[in-house]
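A short write-up of the structure that comes next.
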Amino acid sequence: MQSIGRPTQPADTIGVGAPATVLGHRGLDHEEALIFELGASGRCGVDLDTPAPVASRLGPHARKAPVGLPGLSEPQVVRHYVRLSRRNYAIDMGLYPLGSCTMKHNPRLNEKMARLPGFADLHPLAPMSTVQGAFALMDELARWLTTLTGMPGVALSPKAGAHGELCGLMAIRAAHEASGQAGVRKRVLVPESAHGTNPATAAFCGYEVDPIPANAEGRVDLAAFMARLGPDVAAVMLTNPNTCGLFERDIVAIAEAAHGAGAYLYCDGANFNAIVGRVRPGDLGIDAMHINLHKTFSTPHGGGGPGSGPVVLSAALAPFAPVPFLVREGDGFRLVEEAAAGAAPFGRMAAFHGQMGMFVRALAYMMSHGADGLRQVAEDAVLNANYVLASLKDVMTAPFEGPCMHEALFDDGFLKDTGVSTLDFAKAMIDEGFHPMTMYFPLVVHGALLIEPTETESRETLDDFIRVLRTLVARATSGDTAHFAAAPVLAPRRRLDETLAARRPVLRWRPPALDKAAE
Ligand SMILES: *Cc1c(COP(=O)(O)O)cnc(C)c1O
């Protein structure tokens, strides 16, 4: 087992040409060790009274060695976390052009609302009569979601997009069970360009995943789709706009054919940002769609922050929505926890009702934009992406003709014969102060580079980004491969061995002495 010792940084991590420093610091940017490697165990940052002795009932389970917690003073702890936070790139620091992730600015108003004690201090088991305001907010959010999508039902409890997919497919399976067809409907059709969570969800639900190829335009091949339909198909999972940043123009024909074959149409709504306020998915014939509140409706995400993936449902699927759900009763609301008349919930997705903090942020975002503002979100997101596409497509290669929706997709054709890969190119962007775009996704495009600027970026930021990319392309095509092979040279860490980190993650710190003993 390798241990991460107190840093004595080789010049390699400090940057090419930079002097090696005594402690590995780079100017005022401090090198930082793990908290266990700082201070000394046995020390304590607070002054606690010595507890009165108690008779231990742990018997043989009592700990024999010290627990080994880090021992630091309060200022040491504060500095540790502040230094680490400076290493954390964030949407509040600069452009975050990750395609498919919709990394947009999170308005501070949302944060202010989410921190109101009446929302922030609620307990999920508080008596219903005491949380009527929170229920009213959830009901209002549900109204916005069903209105924007033109779908009658919504399940608020799923905690992320992938969780919403599972909710949607479970509702579909429940509907097939109710009509006695669950036994025969075993396949789910998923386009090859789909996000990995789509086939994973279908497989997790016990379905066989049947991939549908894309056509030369980057859209679902309608003829291939029709040929795959049959009486054993449970559902079709489509993303619209798709992960190539293109609108699936045949979606109405796809919905009609799916329904004609007795299947349901699930839509991955992660790209709703491109069409919110412009297109109502219900009008396209969609039966279930998750909405990533943490993408389309701001709310912070990335770095494992909380998500929220409500699922809107058609009239056919709404009765199968999971518990709990809200019903109006008299002047107020009641959270239904058990099957009720007229409903056949397939079960429950989460212990409680969902991510309250995300609900507050999303509704604050919706209400502060208004219906017209949300439409403009979609329009500006599409405009920004097309600005990027149009400004780069003479030097980078776009795999598909024509304008895009909310994200601009390039392949690695422009890097052919340069010795520079998509990964090298992305690493060089880090030295220039830009977080890379999504790489190698969607899989249907070779060496894909997927850029989603979102509507919240300014013209100045996009122009800087474009200027950097054009300069890097010129460097790559002029034969400066070495520049890319070395990149990033200015980041706190150079290239990490991502494969080793994924295959053999070191998740536990051990004191060096124990580590030696284990060898
Ligand atoms: C983000 C995303 C998902 C998954 O959503 P999570 O909230 O990350 O679980 C699914 N599909 C697409 C196209 C996405 O971009």
Side-chain angles (χ1 to χ4, degrees), residues 91 96-104 106 145 155-170 188 190-205 209 211-212 214 218-220 235-248 251 265-276 281 286 288-312 349-350 354-355 357-359 361-362 378 381 385 404-409 437-445 448-454:
I91 188 70
Y96 219 125
L98 278 183
S100 220
C101 292
T102 312
M103 303 296 289
K104 61 169 76 175
N106 297 296
L145 292 175
L156 290 177
S157 61
K159 305 241 176 155
H163 205 208
E165 291 171 31
L166 185 62
C167 175
L169 279 208
M170 288 178 86
V188 171
V190 185
E192 275 175 350
S193 64
H195 193 267
T197 50
N198 291 191
T201 299
F204 193 72
C205 255
V209 178
I212 319 170
R219 296 178 172 87
V220 166
V236 182
M237 288 183 96
L238 209 72
T239 309
N240 203 12
N242 69 20
T243 60
C244 297
L246 304 169
F247 193 82
E248 293 284 357
I251 186 154
L265 177 57
Y266 185 90
C267 182
D268 179 329
N271 294 338
F272 193 43
N273 205 60
I275 56 173
V276 59
I286 288 159
M289 181 176 100
H290 74 259
I291 297 168
N292 305 62
L293 292 187
H294 51 283
K295 292 179 182 172
T296 309
F297 300 108
S298 70
T299 86
H301 70 296
S308 182
V311 178
V312 285
M349 294 299 295
Q355 299 280 29
M358 299 295 113
F359 296 164
R361 290 176 174 92
C404 58
M405 293 294 289
H406 62 305
E407 45 198 4
L409 176 60
M437 63 288 272
T438 289
M439 292 177 285
Y440 300 106
F441 175 80
L443 303 179
V444 291
V445 167
L449 303 103
L450 185 64
I451 302 170
E452 180 177 4
T454 82

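One is the number of the first residue; the rest follow in order along the sequence. The shown structure was predicted, so the numbers you read here are calculated from the model rather than taken from an experiment. Counting starts at 1 for both ligands and their atoms, in listed order.
- Side-chain contact of Thr201 with Glu165: a donor-acceptor pair under 3.5 Å is present, judged by distance alone.
- Atom 8 (O) of ligand 1 has its nearest heavy-atom neighbour, among Glu407, His301, His294, Glu452, in His294.
- What sits closest to atom 9 (O) of ligand 1 on the protein, heavy atoms only, is Ala162 N, 2.8 Å.
- Near Thr197, meaning under 4.0 Å from one of its heavy atoms, ligand 1 places the atoms 10 (C), 11 (N).
- Atoms of ligand 1 lying under 4.0 Å from at least one heavy atom of Glu165, given by number and element, are 10 (C).
- With hydrogens left out, the protein atom closest to atom 11 (N) of ligand 1 is Asp268 OD2, 2.5 Å, a heavy atom.
- Looking at every heavy atom in both residues, Ala288 comes nearest to Val311 through CB-CG1, 4.4 Å.
- Side chain to side chain, Glu452 and Thr102 meet the donor-acceptor criterion of an N or O pair below 3.5 Å.
- Checking side-chain atoms of Glu248 against main-chain N and O of Val220 turns up a donor-acceptor pair under 3.5 Å.
- Of the candidates Lys159, Lys295, His195, the one placing a heavy atom closest to atom 2 (C) of ligand 1 is Lys295.
- Below 3.5 Å of separation, one finds an N or O of Ser100 facing an N or O of ligand 1.
- Each of the following atoms of ligand 1 lies closer than 4.0 Å to a heavy atom of Ala270: 2 (C), 11 (N), 12 (C), 13 (C), 14 (C), 15 (O).
- There is no side-chain donor-acceptor pair under 3.5 Å between Lys295 and Asn271.
- With hydrogens and angles disregarded, no donor-acceptor distance shorter than 3.5 Å links the side chain of Lys159 to the backbone of Gly309.
- For atom 6 (P) of ligand 1, the closest non-hydrogen atom on the protein side is Gly161 N, 3.4 Å.
- Remark: minimum distance from atom 5 (O) of ligand 1 to any protein heavy atom is reached at Asn292 ND2, 3.0 Å.
- Side-chain polar atoms of Asp268 and His195 form no donor-acceptor pair below 3.5 angstrom.
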